[in-house]
2 protein chains.
Amino acid sequence: MKTIEELLESKNIRVTAMRLLIYKFLVEKDVAVTLSDIENAFEKSDRTTLYRTIKTFEEKGIVHQIDDGTGITKYALCEKGCNCEIENDLHLHFHCNNCNETVCLTAHKIPQIKVPDGFVAENVNLVVKGFCDKCSGH
Amino acid sequence: MKTIEELLESKNIRVTAMRLLIYKFLVEKDVAVTLSDIENAFEKSDRTTLYRTIKTFEEKGIVHQIDDGTGITKYALCEKGCNCEIENDLHLHFHCNNCNETVCLTAHKIPQIKVPDGFVAENVNLVVKGFCDKCSGH
DNA sequence: TCATTAATGCACTTCCATTGCATTTGTTTT
DNA sequence: AAAACAAATGCAATGGAAGTGCATTAATGA
């Protein structure tokens, strides 16, 4: 079991106090978070730092970006088996219309999608909307 | 074959010069357009008018909104068989990473997606990215 | 024609994403 | 350990898109 420090170093990310905190924050959350969510959790720190930290994490393959259709970019930790940087990542996101939370359903693979002749599919973004397990019992 | 005037009236949309022009513009384009696209095509007109026109069209079921992951909302005419206002519309969009165009692949239905127990799916947004027929022959 | 209602245009506002630059902090080298 | 370097942070500002309030203009209906 790697420490967070080791994990960051293995991805060529310099270890700083802020980055450790943000990483821990992402681990604790099991849902995708917005930049504002992080901002609210770390009011002492500047928005730019948080923004650039998450961008660094993204470039180095620690988090991936999610567009769940709310218009606000969300981020979630890449899990074991998350091949978000690889073509044809068929990984599904669920957005709850009630609590507004978005989760990665990594286990739920999507069947291969057919596209018309001449079209080349590289990557698929699938967002299912509805009510999550916490909100479905109205 | 209905005229555009008749079509608009049948949807309870008042016919104005601007609306006719925007409708024709959407027909001519076979791809989804952004508000800026429309704005560039009608520089004489105000952005707000174009914005509200497209919103009116959307409310009345003439166009539907597409979120193709570029961060900019796009709009396309609803075709025969487009049930975008109905739950579980499983209609697929393709976004070309080269020419940046997005098209509706109405004919390509998506298989039913399974979600975990306790989750209720209401609606699905599926965007396939890659290269379109015009751009795939690099 | 007059009155009513809707459409248009202008000016703002808000929100999120992003960048430039100066400063601070952390490494590395001598 | 000090100097030199590089990267991280914080502040200020920008840009783009979405959306709203209000006055004006145009269209409909009595």
Side-chain angles (χ1 to χ4, degrees), chain A residues 4-26 32-60 62-76 95 100 102, chain B residues 4-26 32-60 62-76 95 100 102:
Chain A
I4 302 178
E5 283 89 341
E6 284 166 347
L7 174 71
L8 294 183
E9 277 165 5
S10 76
K11 299 268 187 180
N12 275 311
I13 301 173
R14 273 203 204 178
V15 177
T16 68
M18 207 58 238
R19 287 173 176 178
L20 288 172
L21 287 171
I22 294 175
Y23 189 89
K24 279 178 199 154
F25 176 75
L26 292 171
V33 299
T34 65
L35 192 58
S36 297
D37 291 335
I38 306 177
E39 213 181 330
N40 293 334
F42 299 99
E43 295 190 335
K44 301 286 171 53
S45 185
D46 188 75
R47 190 188 158 71
T48 315
T49 304
L50 306 172
Y51 173 75
R52 287 202 255 240
T53 299
I54 207 83
K55 284 291 167 193
T56 303
F57 283 3
E58 197 189 346
E59 281 162 24
K60 306 291 185 173
I62 284 192
V63 303
H64 64 268
Q65 206 170 323
I66 301 167
D67 172 13
D68 63 6
T70 55
I72 300 159
T73 305
K74 296 187 177 175
Y75 303 90
H95 175 75
N100 205 31
T102 299
Chain B
I4 302 178
E5 282 90 341
E6 284 166 349
L7 174 71
L8 294 182
E9 277 164 5
S10 75
K11 299 268 185 179
N12 274 312
I13 302 173
R14 274 205 203 175
V15 177
T16 68
M18 207 58 238
R19 287 173 176 178
L20 288 172
L21 286 170
I22 294 175
Y23 189 90
K24 278 178 200 158
F25 176 74
L26 292 171
V33 299
T34 65
L35 193 57
S36 296
D37 291 335
I38 306 177
E39 212 181 331
N40 293 333
F42 298 99
E43 295 190 336
K44 302 287 172 53
S45 185
D46 188 74
R47 211 178 54 77
T48 314
T49 304
L50 305 173
Y51 173 75
R52 287 202 255 238
T53 299
I54 208 82
K55 284 291 168 194
T56 303
F57 283 3
E58 196 188 347
E59 281 162 23
K60 305 291 184 173
I62 284 193
V63 303
H64 64 269
Q65 207 170 323
I66 301 167
D67 173 14
D68 64 6
T70 54
I72 300 159
T73 306
K74 295 187 178 176
Y75 303 90
H95 175 74
N100 206 32
T102 299

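Residue numbers begin at 1 in each chain, while the letters A, B, ... track the order of the sequences. Only a predicted model underlies this, so the values are computations on that prediction, with no experimental measurement involved.
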- CD1 of I22(A) to OG of S45(A): how many Å apart, nearest 0.5 Å? 6.5 Å

- Candidate list I62(B), I54(B), T53(B), test side chain to side chain contact (heavy atoms under 4.5 Å, CB included), partner R19(B), passing option: T53(B)

- Please give, in whole Å, the distance from dC15(C) C1' to Y51(A) OH? 14 Å

- Query: From dA8(D), dT19(C), dA7(C), pick the nucleotide closest to the side chain of T16(B)?
  - Reply: dA7(C)

- Message: Could you tell me how far apart E5(B) (CD) and dT28(D) (C1') are, to the nearest whole angstrom?
- Response: 17 Å

- Task: Using whole Å, report how far CD1 of I66(A) lies from P of dA17(C).
- Result: 13 Å

- Task: Give the rounded distance in Å between these two atoms: CZ of R19(A) and P of dT25(C).
- Result: 15 Å

- Query: Does any donor atom in the side chain of D46(B) or T49(B) lie under 3.5 Å from an acceptor atom in the other side chain?
  - Reply: no

- Toward the 5' end of DNA chain C, which comes first, R47(B) or K44(B), by nearest nucleotide? K44(B)

- Below 3.5 Å, does any donor atom in the side chain of T48(A) face an acceptor in the base of dC11(D), or the other way round? yes

- For the side chain of R52(B), starting at C-beta, report the closest nucleotide among dC11(D), dT8(C), dA11(C). dT8(C)

- Item | d(CZ, R14(A); P, dT24(C)) in whole Å | 18 Å

- Message: Here's a test of your reading of the structure: between Y75(B) and V15(B), which maps to the more 5' nucleotide of DNA chain D?
- Response: Y75(B)

- Checking all strands, does K55(B) fall into the base, sugar-phosphate, or nothing category for heavy-atom contacts under 4.0 angstrom? sugar-phosphate

- State whether T49(A) places a side-chain N or O below 4.0 Å from either non-bridging phosphate oxygen (OP1 or OP2) of dG10(D). yes

- Query: Whole-Å distance between dT9(D) P and L50(A) CG?
  - Reply: 9 Å

- Remember a base hit wins even if backbone is also touched, and classify T53(B) as base, sugar-phosphate or nothing at under 4.0 Å, heavy atoms. sugar-phosphate

- Is S45(A) near enough to dG10(D) that one of its side-chain N or O atoms lies under 4.0 angstrom from OP1 or OP2? yes

- Message: Main chain of S36(A), side chain of N40(A): is a donor-acceptor contact present, judged purely on distance under 3.5 Å?
- Response: yes

- Touch class at under 4.0 angstrom, heavy-atom based, for T56(B) against every strand present: nothing

- Message: Evaluate F57(B) against Y75(B) for ring-ring contact (aromatic ring centres under 6.0 Å, His included), listing each step before the verdict.
- Response: CA-CA 10 Å; F57(B) 283 3; Y75(B) 303 90; over 10 Å; no

- Quick one: M18(A) CE to dT23(C) P, roughly how many Å, whole number? 23 Å

- To the nearest Å, give me how far apart CD1 (I72(A)) and P (dG19(D)) are. 11 Å

- Item | Toward the 5' end of DNA chain D, by each residue's nearest nucleotide, T73(B) or E9(B) | T73(B)

